[in-house]
Amino acid sequence: MQTKSHVAVIGAGAFGGWTALYLLRRGAQVTLLDAWGPGNPRASSGGETRVIRGTYGPNQPYSRMAARALQLWKEHETRWRRQLMHRNGVLWMAAAGDDQFERGSLPLLREAGIAYEELSADDIAKRWPQINPEGVRWGIYEPDGGFLEARASCQGVLEGFLAESGEYKQTAVLAHDLELGLDDGLTLADGSRLVADSYVFACGPWMGKLFPDTIGNKIRATKQEVFFFGTPAGDDRFLEDKLPVWADHRDRFMYGIPGSLVPGNHGRGFKIADDTRGPEFDPDTAERVASAEGLKTARDYLGFRLPAMKDAPLLQTSVCQYEDTPDHHFIMDRHPAFRLERFGALENPVTG
Ligand SMILES: Cc1cc2nc3c(=O)[nH]c(=O)nc-3n(C[C@H](O)[C@H](O)[C@H](O)COP(=O)(O)OP(=O)(O)OC[C@H]3O[C@@H](n4cnc5c(N)ncnc54)[C@H](O)[C@@H]3O)c2cc1C
């Protein structure tokens with residue numbers, strides 16, 4: 001009888017968690033490792049919520065990937081009998097000047113089969129009178145988009161993985177000499193070793209530290225600040241059933257997620273974030289304190305775009321990091337020093 005190929009997946013964030021689950025389903029024995037747990041406060045996948053949408057500009061594969069992700073979240077919510085996604089729609093507001101991003105997204109949304117409506121600034125103002133449409137020329141509304149409960153989803157994927165007989169260990173892989181090869185397996189922070197047939201590193205912003213020669217600063221982590229404001233008591237205009245997630249392309253790219261009814265983002269409030277890349281950030285050691293300038297930008301924006309929220313109190317802040325590559329696309333590759341024949345060992349190799 002052929003024995004199963006053993007794969008170690010390092011990193012249980014959005015990418016590692018799903019990779020581990022799908023390797024398991026394709027017939028591998030899988031050990032998933034994470035230093036601090038899925039969606040932990042240092043991870044890029046941590047925090048309350050993430051936008052899920054198909055609009056990604058022209059010439060990209062992401063609209064199709066998002067269509068598949070939307071389908072998979074739906075299937076897994078049914079399978080796991082829990083809600084992780086909130087389908088309150090996503091509104092893109094295109095500025096009066098350059099709207100290439102939004103315009104170029106439309107054919108790819110169509111190709112991917114993602115439902116959308118093109119709205120004029122008047123349509124937006126009529127449908128959501130709580131939004132000030134100043135400076136908006138037109139918009140894209142994706143009714144099937146919305147937001148995911150980020151940390152809860154990563155934990156949900158781990159629970160699904162364990163239920164299908166995956167093995168999980170909460171410990172770190174030490175970064176000693178990984179570039180030289182893994183014939184003796186991984187050295188773990190708890191003093192043990194782990195030897196597998198193949199290894200998948202899905203360590204997001206930590207990849208450059210683990211592989212300083214091959215990745216190094218090709219993945220840069222930047223500080224990103226998130227602000228949660230309190231909605232007025234008894235006023236539901238800023239909650240998820242009355243307002244979609246929105247993305248606003250102006251001089252800065254700002255986006256937000258409305259407040260939600262428990263159990264959405266657990267009453268955390270109304271999220272506003274600035275997509276502009278912040279300063280370099282060390283995901284291990286940096287302190288996660290939002291800046292006064294970041295708060296001013298968020299507050300000024302909130303007062304402008306949603307005037308009735310102008311004096312809303314700040315309830316919480318959080319600091320996360322983007323992990324970005326030089327061309328902003330994913331890096332998905334084999335380590336140049338790794339022996340290729342090992343990748344042939346899976347009974348059902350993962351393709352497509
Ligand atoms: C503020 C913010 C807002 C965002 N908004 C959106 C959004 O709205 N929509 C969207 O699609 N995307 C959004 N993103 C991007 C998205 O969240 C990330 O692309 C995604 O979460 C990255 O996941 P990951 O698995 O690569 O990394 P991570 O989640 O960081 O996972 C890496 C894991 O590796 C573990 N690890 C690291 N080193 C080791 C080691 N040596 N040993 C063991 N484990 C290790 C870590 O503990 C971590 O859990 C946002 C990101 C941020 C920060």
Side-chain angles (χ1 to χ4, degrees), residues 8-20 31-56 62-63 65-66 69-70 73 85-86 90 145-151 153-155 157-158 168-176 178 186-190 194 199-211 215 219 221-228 245-247 253-257 265 271-278 281-284 286 288 290 294 298 317-325 328-332:
V9 177
I10 301 97
F15 286 90
W18 281 106
T19 301
T31 305
L32 176 62
L33 301 164
D34 198 286
W36 297 287
N40 70 76
R42 283 180 169 107
S44 294
S45 311
E48 302 307 317
T49 51
R50 290 291 184 281
V51 183
I52 180 160
R53 36 92 184 195
T55 300
Y56 274 94
Y62 305 114
S63 301
M65 291 168 76
L70 285 164
W73 283 114
M85 195 183 148
H86 295 246
V90 178
F147 65 94
L148 284 157
E149 297 179 27
R151 178 179 47 237
S153 296
C154 292
Q155 287 165 356
V157 172
L158 174 64
Y168 171 70
K169 279 190 185 165
Q170 192 151 313
T171 184
V173 168
L174 299 186
H176 297 325
L178 292 174
L186 303 169
T187 310
L188 306 182
D190 63 8
L194 178 72
Y199 304 86
V200 178
F201 287 86
C203 296
W206 285 268
M207 289 298 283
K209 289 191 179 199
L210 292 171
F211 298 97
I215 306 261
I219 294 182
T222 57
K223 181 182 184 194
Q224 304 302 139
E225 302 179 345
V226 175
F227 301 89
F228 293 93
V245 167
W246 75 94
F253 175 16
M254 304 291 293
Y255 67 93
I257 299 180
N265 67 355
K271 173 173 167 176
I272 302 277
D274 181 353
D275 186 65
T276 312
R277 301 301 181 264
F281 193 74
D282 185 320
D284 282 310
R288 292 174 188 258
T317 63
S318 72
V319 172
C320 185
Q321 66 279 319
Y322 283 165
E323 58 210 65
D324 215 350
T325 59
H328 311 299
H329 289 289
F330 291 148
I331 296 179
M332 220 176 289

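Note that the structure is a prediction, hence the values are computed from the model and not measured. Just so you know, ligand 1 is whichever comes first in the structure, and atom 1 is the first atom listed for that ligand.
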Open item on the list: Holding to ring-ring contact (aromatic ring centres under 6.0 Å, His included), I want the full list of residues that pass it with Tyr168, two or more places apart in sequence or in another chain.
Closed with: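 ring-ring contact (aromatic ring centres under 6.0 Å, His included) list for Tyr168, sorted by chain: empty.
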- [ ] Name all residues meeting the ring-ring contact (aromatic ring centres under 6.0 Å, His included) criterion together with Tyr56; count only those two or more places apart in sequence or in a different chain, and write none if there are none.
- [x]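 Scan of Tyr56 (ring-ring contact (aromatic ring centres under 6.0 Å, His included), adjacent residues dropped) gives Tyr62.
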- [ ] Would you mind checking if Lys271 and Glu48 are paired as a salt bridge, meaning a charged N to carboxylate O distance below 4.0 Å?
- [x]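 Here Glu48 does not pair with Lys271 in a salt bridge, since their nearest N and O are not under 4.0 Å apart.
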Task: Within the protein, residues bringing a heavy atom under 4.0 Å of ligand 1, chain by chain - done: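 Ligand 1 pocket, heavy atoms under 4.0 Å: Ile10, Gly11, Gly13, Ala14, Phe15, Asp34, Ala35, Trp36, Gly37, Asn40, Ala43, Ser44, Ser45, Arg50, Val51, Thr171, Ala172, Val173, Ala202, Cys203, Gly204, Pro205, Trp206, Leu210, Val226, Tyr255, Cys320, Gln321, Tyr322, Glu323.
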Task: Arg288 side chain reached by Arg42 side chain, heavy atoms, under 4.5 Å - done: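 Touching, per the 4.5 Å side-chain cut-off.
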- [ ] Please list, chain by chain and in numerical order, all residues satisfying side chain to side chain donor-acceptor pair (under 3.5 Å) with Gln224, sequence neighbours excluded.
- [x]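 Side chain to side chain donor-acceptor pair (under 3.5 Å) check on Gln224 returns Thr222.
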Open item on the list: If only side-chain N and O atoms count, and only distance matters, is there a donor-acceptor pair under 3.5 Å linking Tyr322 with Asp275?
Closed with: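 Yes, a side-chain donor-acceptor pair sits under 3.5 Å.
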